[in-house]
J.: 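What follows is a single structure, and I will ask about it in a moment.
Just so it is clear, the structure is predicted and the values come from calculations on it, not from any experiment. The first residue of the sequence shown is numbered 1, and numbering continues consecutively from there. Just so you know, ligand 1 is whichever comes first in the structure, and atom 1 is the first atom listed for that ligand.
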Amino acid sequence: MQFAHLCATVWIVADTSHTSQTPTELTVRSAGEADWPAMALVGATCFGVWQPPEAVDVWRSMMPPDSAVVVCDGPDVVGMALFLDLQVTVPGGALLPMAGVSWVAVLPTHRRRGALRKMFEELHVRMAAKPYPLAGLEASEAGIYGRFGYGPATVLHRRSIDRRAAVFHRDVPDPGGVRVVRAAEHGDHLEEIYERWRLQTPGGLHSPRALWDEVLADREAFRGGGSAYFCLLHADGFALYRVHSGEEKSTVEITKLTAVTPQAHIALWRALLGMDLMATVNVGATHGDVLPYLLTDHRLVRTTGVDDALWLRMLDIPAVLQARSYSADLSVVLDVSDGVLGGGGRFALDVSGGRARCVPTDAAADAHLDLSVLGSLYLGAHRAAAFARAERLRCRDSAVVAALDAAFATDVPAELGFGF
Ligand SMILES: CC(C)(COP(=O)(O)OP(=O)(O)OC[C@H]1O[C@@H](n2cnc3c(N)ncnc32)[C@H](O)[C@@H]1OP(=O)(O)O)[C@@H](O)C(=O)NCCC(=O)NCCS
């Protein structure tokens, strides 16, 4: 009797809470030292991976002060977002400070209640105050960040090569010079080659030594079922890869292929495609990658997917537009909208001899576009003509579209330096 009564009481309490409980208000505040265990739980729950504490410490060492916020429901941390202090290469080789947004997560119990929006409003005020001219991120899902003025700014083609049938074209040299080494014993070489590469590649990022050490620690948690790292080293390039062994065939998954010269690129591919017992080699590459031209049969290089990697949002539009070099002269007034976070404005952009001058203006606009579209055009990975056909770039006439395309074109395809 007593037990039944107790049960009934419990049921009534549970039922009341289910039907009448209104959502509590979510509050955003700075993340403090004591919040990190709760943030680790939020991250692990949202991304499905427990980050080793040593790895978290390395990323934390790359954060400027006051760059992490949490969203709370009462005392509970239910979401978080932060930014890293990064430096990105832009077309022409200038280096810009970039706030690298990362660890954005809201618990499944608290989604679609505006937590991300609140955190982003606060984070972007902090970025602008530092000041960072540019913010970047990688998106888990493509539908999230356009509303916040971020546009995909690099394009990564996932390529799969049937190695067993690959034959190099007779005109392609065999430069040699590749050594098989243990990656962890050659951190200095890898860092030096990567540094040369990132300084000449739009989207390249400065990688502090601590991050190199973390990569080369080669933690089991990040191997995705593959082997420990293998490394091919050339004086001007390297390939880091893992082998995934299947019952019938083994696959080489390249995690980083960096070549500073065409000879290093050819030499590394000769070594990679020379691995007799591997059936397939998978790699991420830009549209400018010349691998198909190295082979007698270019069809062996199949594109299995196309990903965005780096997304950009301009915080200081004139500073960012003036930082890069341009391929043709241009004189245009851009009207840039930025609905949610309230940036944007109208700017006169004048390019002469490859350099730009950009100032706010009241003059009539030649082109109207969202800030996210400007982010997509910035590194030259997307064309103005494509956005114009999609009606997301509305120009006074087609000559403006052509002029934007000519000016923003780049020789070196943009590529994100590393994931963050
Ligand atoms: C993505 C995530 C952070 C969104 O958090 P949230 O608090 O639910 O987002 P908000 O409620 O503030 O939504 C803000 C806007 O983004 C939209 N939005 C949120 N998540 C979205 C998604 N995955 N796809 C498309 N739109 C999304 C909302 O509908 C809302 O749109 P509105 O402004 O038109 O109303 C959360 O779903 C999450 O943690 N996902 C798993 C981890 C993850 O993917 N993190 C991002 C890593 S890059």
Side-chain angles (χ1 to χ4, degrees), residues 22-31 35-51 55-56 59-60 62-63 67-74 76-84 86 88 98-127 132 134-156 203 205 221-222 224 284 305 307-313 337-344 370-373 375-376 392 416-420:
T22 51
T24 45
E25 200 194 336
L26 303 179
T27 52
V28 174
R29 61 168 172 79
S30 288
D35 292 316
W36 281 90
M39 291 164 70
L41 178 61
V42 171
T45 306
C46 291
F47 297 112
V49 180
W50 289 99
Q51 292 278 341
V56 176
W59 291 109
R60 285 187 64 182
M62 294 166 65
M63 292 171 56
S67 57
V69 293
V70 289
V71 63
C72 299
D73 183 351
D76 294 340
V77 171
V78 299
M80 63 190 179
L82 57 81
F83 58 90
L84 308 167
L86 300 179
V88 66
M98 183 174 85
V101 178
S102 191
W103 253 34
V104 176
V106 173
L107 285 177
T109 47
H110 289 73
R111 285 187 187 153
R112 307 303 180 267
R113 289 172 55 187
L116 171 63
R117 181 188 284 249
K118 282 186 184 189
M119 290 193 292
F120 259 36
E121 283 166 356
E122 176 61 27
L123 270 194
H124 286 81
V125 168
R126 295 183 185 202
M127 289 173 198
Y132 284 93
L134 193 61
L137 53 77
E138 284 184 281
S140 59
E141 294 178 88
I144 305 173
Y145 295 109
R147 61 172 52 74
F148 296 113
Y150 286 82
T154 60
V155 180
L156 187 76
L205 301 177
F222 300 137
D307 287 330
D308 47 79
L310 178 64
W311 292 57
L312 290 180
R313 171 187 164 82
S337 54
D338 180 33
V340 174
L341 294 179
D370 191 77
L371 183 56
S372 60
V373 174
S376 287
R392 292 177 58 192
L416 176 60
F418 56 80
F420 59 91

J.: Check G79 against V42 and note the closest heavy-atom contact, atom names and distance.
T.: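 Minimum heavy-atom separation between G79 and V42: CA-CG1, 4.2 Å.
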J.: So which heavy atom on S337 is nearest to which on D370, and how close?
T.: O-OD1, 3.3 Å
J.: Taking all heavy atoms of M63 and all of W36, pick out the closest pair and write down the distance.
T.: SD-CH2, 3.9 Å
J.: Looking at ligand 1, would F120 count as a contact under a 4.0 Å heavy-atom criterion?
T.: no
J.: Could you identify the single nearest non-hydrogen protein atom to atom 25 (C) of ligand 1 and state the distance to 0.1 Å?
T.: G143 O, 3.5 Å
J.: Output yes when the distance from some N or O of ligand 1 to some N or O of H110 is under 3.5 Å, and no in every other case.
T.: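 No; every N/O pair is 3.5 Å or more apart.
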J.: Closer than 4.0 Å to some heavy atom of S140 - which atoms of ligand 1 meet that?
T.: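 In order of numbering, the contacting atoms are 43 (C), 44 (O), 45 (N), 46 (C), 47 (C), 48 (S).
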J.: Given E121, R147, R113, R112, which one has a non-hydrogen atom that is nearest to atom 6 (P) of ligand 1?
T.: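 Minimum heavy-atom distance to atom 6 (P) of ligand 1 goes to R112.
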J.: Classify the contact between W311 and ligand 1 as side chain, backbone, both or neither, using a heavy-atom distance cut-off of under 4.0 Å.
T.: neither
J.: Taking atom 22 (C) of ligand 1 as the point of reference, which of I144, V106, V340 owns the nearest heavy atom?
T.: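 Looking at heavy atoms only, the winner is I144.
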J.: Is there side-chain contact between L41 and W50, with at least one heavy-atom pair below 4.5 Å?
T.: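 A side-chain contact under 4.5 Å exists here.
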J.: Can you confirm whether R313 sits close enough to L137 that some side-chain heavy atom of one is under 4.5 Å from a side-chain heavy atom of the other?
T.: no
J.: Which residue holds the protein heavy atom closest to atom 13 (O) of ligand 1, what is that atom called, and what is the gap in Å?
T.: L116 CB, 4.6 Å
J.: List the atom of M119, the atom of A105, and the distance in Å for their closest heavy-atom pair.
T.: CE-O, 4.1 Å
J.: Taking the non-hydrogen atoms of M119, is any one of them nearer than 4.0 angstrom to ligand 1?
T.: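 No; M119 lies far enough from ligand 1 that no heavy-atom distance drops under 4.0 Å.
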J.: Can you tell me which residue and heavy atom of the protein come closest to atom 48 (S) of ligand 1, and the distance to 0.1 Å?
T.: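 Result: Y145 OH, 3.1 Å.
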J.: To check your reading of the model: name the closest protein heavy atom to atom 11 (O) of ligand 1, its residue, and the distance in Å.
T.: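 Scanning the protein heavy atoms, the shortest distance from atom 11 (O) of ligand 1 goes to G114 N, 2.8 Å.
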J.: Looking only at protein heavy atoms, which one is nearest to atom 45 (N) of ligand 1, and what is the separation?
T.: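 Checking every protein heavy atom, the shortest distance to atom 45 (N) of ligand 1 gives V104 O, 2.8 Å.
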J.: I'd like to know if the side chain of S30 pairs up with that of R126 as donor and acceptor (distance under 3.5 Å, no hydrogens or angles considered).
T.: yes
J.: Is the side chain of R147 donor-acceptor paired with the backbone N or O of G143 at a distance under 3.5 Å, no angle test?
T.: yes
J.: Do Y145 and V104 have side-chain heavy atoms sitting under 4.5 Å apart?
T.: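 Y145 vs V104: side chains touch.
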J.: If you have a sec, work out which protein heavy atom is nearest atom 23 (N) of ligand 1 and how many Å separate them, to one decimal?
T.: E141 OE2, 3.0 Å
J.: Between R111, E138, K118, which one has a non-hydrogen atom sitting closest to atom 38 (C) of ligand 1?
T.: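 Residue with the shortest heavy-atom distance to the ligand atom: R111.
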J.: Kindly give the heavy-atom pair with the smallest separation between A115 and L26, and that separation in Å.
T.: CB-CD1, 4.1 Å
J.: Taking the non-hydrogen atoms of F47, is any one of them nearer than 4.0 angstrom to ligand 1?
T.: yes
J.: Please tell me whether Y150 and H124 form a close aromatic pair, meaning their ring centres lie under 6.0 Å apart.
T.: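 Yes, close enough.
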J.: Identify the closest protein heavy atom to atom 35 (O) of ligand 1: which residue and atom is it, and at what distance?
T.: R117 NH2, 4.1 Å
J.: Within the 4.0 Å heavy-atom shell around A105, which atoms of ligand 1 are there?
T.: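 What qualifies from ligand 1 is 39 (O).
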